[in-house]
Amino acid sequence: MPLATVLSYNLHAGVGMDGRLDLERQLGVLRAVNADLVVLQEVDVGTTRSGEVDQCTYFAEGLEMQALFARAVSLQGGEYGVALLSRWPVLEKVVLPLPAEAGHEDRVFGALRVAAPGSGELWLGGTHLARHSKALRAAQAEVVEAFFRNAGCVVLAGDFNAGPDACELAGLRARWQRAPLGATWPADVPEKAIDHIYFQPAGRLALCESSVVEEGMASDHRPVRAVFGMMSKDIASPGW
């Protein structure tokens, strides 16, 4: 049964707990995990604050992976959002804006349909939900969940800004399984478990292991990882 390692990491635009912008340090974290599929949040592309570096391309090239950048907002002459990376061939890319409200930062959802060696196709989804509004997070999570409702084999990861038992994630809990993970924020002394990896269906994806990566300096979040065993089956179309 082929294995797939999935990593989710909020990069804090490359800035660590020590206040240093150090993409090479974060690239080292990613290389050490050696994931097949990666979801990154708080990714800068061409912003002044990050030295106008295309962080999505930087990590994709450093890991020799294909990439999708999903822009959430324009910022300081560039863009800011979510990136998805795949070691496997990418068959389809999707970017969708999520429900928004005045006074709250716009959020976005990205998805890749990939060819998983020896086990058919798989969807990878990534997002970063609203920080200050439970109602907005609930609406955003509903859009993401609805997109994948008939999609077959899916892994969904990101910074959900809510704990695993939060009421706004009830729809995900009802229809998805979640990899067991601990606290991830703040990275130096984690107190909140807000970074998650969900998956469906259980019949095709068997969770082998999951963990919070013990890295407390490179970003303000710790990365999370999950390893899945995959059984071959044709994929269904998503429920747009």
Side-chain angles (χ1 to χ4, degrees), residues 1-11 14 23 26-45 53-72 79 81-96 108-128 144 147-148 151-159 176 179 195-201 204-211 213 219 221 223-238 240:
M1 183 167 56
L3 297 179
T5 300
V6 178
L7 174 76
S8 181
Y9 196 13
N10 185 318
L11 297 180
L23 299 183
Q26 293 186 339
L27 180 59
V29 175
L30 295 171
R31 283 175 170 161
V33 175
N34 193 31
D36 303 295
L37 302 167
V38 176
V39 176
L40 304 174
Q41 306 88 50
E42 297 194 16
V43 180
D44 276 7
V45 172
V53 174
D54 182 337
Q55 295 183 351
C56 178
T57 299
Y58 175 87
F59 290 111
E61 291 181 348
L63 298 170
E64 298 182 342
M65 302 174 84
Q66 297 182 67
L68 167 67
F69 176 69
R71 182 190 69 84
E79 300 174 325
V82 174
L84 285 75
L85 311 180
S86 174
R87 194 177 309 282
W88 301 329
V90 173
L91 306 174
E92 186 175 352
K93 299 180 178 182
V94 176
V95 176
L96 293 176
V108 71
F109 160 70
L112 296 176
R113 182 167 60 91
V114 302
S119 59
E121 299 176 5
L122 168 74
W123 279 96
L124 172 70
T127 195
H128 184 190
V144 173
F147 174 84
F148 285 128
C153 191
V154 185
V155 177
L156 171 65
D159 176 356
W176 296 62
D195 297 277
H196 307 305
I197 299 175
Y198 291 92
F199 61 101
Q200 69 171 16
R204 276 204 62 207
L205 288 172
L207 181 65
C208 300
E209 59 177 288
S210 58
S211 64
V213 179
S219 175
H221 286 241
V224 293
R225 63 182 286 275
V227 180
F228 297 96
M230 300 182 296
M231 292 180 288
S232 180
K233 186 179 179 182
D234 290 337
I235 195 167
S237 298
W240 299 87

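- Expressed to the nearest 0.5 Å, how far CG of L27 lies from CD of E61 amounts to 11.0 Å.
- Taking CD of Q200 as the start and SG of C153 as the end, the distance is 8.5 Å to the nearest 0.5 Å.
- Interatomic distance, SG of C56 versus CZ of R71, reported as 14.0 Å (0.5 Å rounding).
- In this structure, V43 and H128 have side chains that are not in contact, with every pair of non-hydrogen atoms separated by 4.5 Å or more.
- At a cut-off of 3.5 Å, with distance as the only test, a side-chain donor of E42 or N10 sits close to an acceptor on the other residue.
- Taking the six-membered ring where the residue is Trp, the centroids of F59 and Y9 are separated by 6.0 Å or more.
- Contact record, Q41 with T127: CG-O, 3.7 Å, taken as the closest heavy-atom pair.
- The backbone N or O of V45 lies less than 3.5 Å from no partner atom in the side chain of D54, so there is not a single donor-acceptor pair.
- Across all non-hydrogen atoms, the minimal contact from Q26 to L11 is NE2-O, 2.8 Å.
- Interatomic distance, CG of L91 versus CZ of R113, reported as 4.5 Å (0.5 Å rounding).
- L7 and P223 get closest at one heavy-atom pair: CD1-CB, 3.6 Å.
- For the pair V53 and D44, the minimum side-chain heavy-atom distance is 4.5 Å or more.
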Candidate pair L40 and L85, rule side chain to side chain contact (heavy atoms under 4.5 Å, CB included), full reasoning: CA-CA 8 Å; L40 304 174; L85 311 180; 4.1 Å; yes
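- Between E92 and W123, some side-chain heavy-atom pair lies under the 4.5 Å cut-off.
- Contact record, L23 with G14: CD2-CA, 3.7 Å, taken as the closest heavy-atom pair.
- Between A157 and V39 the shortest heavy-atom distance is O-CG1, 3.7 Å.
- The one candidate from V33, I197, V6, D159 that meets the side-chain contact (heavy atoms from CB on, under 4.5 Å) condition with V224 is I197.
- Closest of all the heavy-atom pairs between G110 and L84 is O-CD2, 3.6 Å.
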Residue pair W88, L37: steps toward the side chain to side chain contact (heavy atoms under 4.5 Å, CB included) verdict: CA-CA 8 Å; W88 301 329; L37 302 167; 3.9 Å; yes
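- Rounded to the nearest 0.5 angstrom, L63 CG and R87 CZ are separated by 7.0 Å.
- Atom OH of Y198 sits about 8.0 Å away from atom CG of L156, to the nearest 0.5 Å.
- At least one side-chain heavy atom of L68 sits under 4.5 Å from a side-chain heavy atom of V95.
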Check against side chain to side chain contact (heavy atoms under 4.5 Å, CB included), D36 and V114: CA-CA 11 Å; D36 303 295; V114 302; over 6 Å; no
Check the pair C208, L3 against side chain to side chain contact (heavy atoms under 4.5 Å, CB included), reporting the backbone distance first and the verdict last. CA-CA 9 Å; C208 300; L3 297 179; 3.9 Å; yes
